[in-house]
There are 2 protein chains.
Amino acid sequence: MSPEPRPHTGRRRNPAVRQAILDHAADLLIAHDYAAVSTDAIARAAGVSKHTIYRWWPSKGAVLLEAMAERARQQTPGLNTGVFAEDLETFLAATFRTADRVSGLLRGIMAEAQRDPVAAEGLRQFVTGRRDELHALLTRGLEQGELPPDTDPDLLVDQIFGLMWYRLLIGHAPVDGDVATRLARSLIHRQEG
Amino acid sequence: MSPEPRPHTGRRRNPAVRQAILDHAADLLIAHDYAAVSTDAIARAAGVSKHTIYRWWPSKGAVLLEAMAERARQQTPGLNTGVFAEDLETFLAATFRTADRVSGLLRGIMAEAQRDPVAAEGLRQFVTGRRDELHALLTRGLEQGELPPDTDPDLLVDQIFGLMWYRLLIGHAPVDGDVATRLARSLIHRQEG
DNA sequence: TCTTTGCCGAGACTGATAGTATCGACAAAT
DNA sequence: ATTTGTCGATACTATCAGTCTCGGCAAAGA
């Protein structure tokens, strides 16, 4: 009862096709409204059969999610300089600016995650990764005494990413480097009160 | 060229029908998955023709939005006691608990707002109202010296509501009275550092 | 009471979309 | 050469948002 007696013969998956699907899915979501992005549209833009999409991904949300993760991986916020205040500001500025640039992508994923469990679980994992990064950074700041000693890192992480997503989804205020700076400084400054 | 020479004759709108639509729309969104809530489902549940829904609302998102606003109006967070720390905690606890109870409704609206401009604009107005309330409360706390003097109320409002929405939408952590309390205290405590 | 106006339900209809199924061509490994 | 599996084309089902038409009926004025 070996699960896979024959490793893999026959034609292999074409990586160019996979990349084309992910690229065009991301581009469509960034450029157009979320409502305009259908699997047919993705297939058409990528020059690919819809069948091929569903061969490799279980749902549209799964495609969009992987496309987002792919884009996110391309830009990782810079390494730590060791100076907490500087690191925090850099991290937030890079995160916010990138998020704003691909806001259509993020908003579409979030909407899809509310109806597609696969996308929801994927988004949760993605978000967990980002939260862990920021959590580690904040913990370091806490240990260095750069944050109030009674700070709850979990709560603070959700305040920061929460603000970002909230503004992206509602659109009442910008998500840019300026906000990132102001936010970072407001968190640091408090200890001097 | 009088726009409306005859004020209004003929049969009037039945308020019970309007209420039934809004009630069942909200109930469906709270009880079921967002994906399961269609206009057909709302019409069926409310014992109403789909035609009647579209006579009074321009889109499904508009119905859901008004249903949400209706529910939100039913519970207004308690009045101010004058003690800022107490008021803040009460406001947050009431807001968070209510939001969690109708989380399905909120998540559905947010998803719909990403594809329906009518729902987006409505949600923005709704959210603005809530933001103004909290903003006023925080400003009072700032004037009373209960918050760090360099606090930016706009930023803080978005941190608080941002955390709430972020947790509702991702579902990685609870939105309850406990979180509200911890959050409120973390904001107050800082001045004592 | 009779007529007009407009609400409302029933249900057919269009168009878009997610996801599935079938087929044939073809590429890769043995 | 044969087997295995990829891929495009295309048709298909099912669902859903939103429109349309029809017929019944309730309310207001004459």
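Residue numbers start from 1 in every chain, and the chains themselves are labelled A, B, ... in the order their sequence lines are given, proteins ahead of strands.
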Asker: Would you find a donor on one side and an acceptor on the other, under 3.5 Å apart, between the side chain of A/D132 and the backbone of A/H135?
Answerer: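 Answer holds: no.
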
Asker: Would the distance check show the side chain of A/R124 and the main-chain N or O of B/G171 forming a donor-acceptor pair, the cut-off being under 3.5 Å?
Answerer: yes

Asker: Can you tell me how far the CG atom of B/L169 sits from the CH2 atom of A/W165, to the nearest 0.5 Å?
Answerer: 9.0 Å

Asker: What bend angle does the helix from C/dT1-D/dA30 to C/dT30-D/dA1 show across its length, from five-pair end axes and to the nearest 10 degrees?
Answerer: 10°

Asker: Mind checking the CD1-CD spacing from B/I109 to A/Q114? Nearest 0.5 Å is all I need.
Answerer: 12.0 Å

Asker: Under 4.0 Å, heavy atom to any atom of DNA chain D: which of residues 44-59 of chain B qualify?
Answerer: B/K50, B/H51, B/Y54, B/S59

Asker: For A/I21 and D/dT6, what is the distance between atoms CD1 and P respectively, to the nearest whole Å?
Answerer: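 Distance check: A/I21 CD1 to D/dT6 P gives 13 Å.
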
Asker: Might you work through the salt bridge (Lys or Arg N to Asp or Glu O under 4.0 Å) test for A/D158 and B/R167, ending with a clear yes or no?
Answerer: CA-CA 8 Å; A/D158 285 354; B/R167 288 191 169 200; 2.5 Å; yes

Asker: Does a donor on one side chain sit under 3.5 Å from an acceptor on the other, for B/S186 and A/D152?
Answerer: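 Not at all, the side chains of B/S186 and A/D152 share no donor-acceptor pair under 3.5 Å.
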
Asker: Measure the distance from NZ on B/K60 to P on D/dT19 and round it to the nearest whole Å.
Answerer: 14 Å

Asker: Could you tell me how far apart A/N14 (CG) and C/dC26 (C1') are, to the nearest whole angstrom?
Answerer: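 Going from CG in A/N14 over to C1' in C/dC26 covers 12 Å.
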
Asker: Over how many whole Å does the gap from B/D40 atom CG to C/dA10 atom P extend?
Answerer: 12 Å

Asker: Taking the side chain as everything from C-beta on, heavy atoms only, tell me whether A/R185 gets closer than 4.5 Å to A/R182.
Answerer: no

Asker: A/Y54 and A/W57: same hydrophobic cluster, using ILVMFWY side-chain contacts below 4.5 Å?
Answerer: no

Asker: Tell me: CD1 of B/I42 to P of D/dC16, nearest whole Å?
Answerer: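 It works out to 11 Å between those atoms.
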
Asker: Taking CG from A/L64 and P from C/dT17, how many angstroms apart are they, rounded to a whole number?
Answerer: 14 Å

Asker: Just how far, in rounded Å, is P of C/dT17 from CD of A/E112?
Answerer: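 Computing the A/E112:CD to C/dT17:P distance gives 13 Å.
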
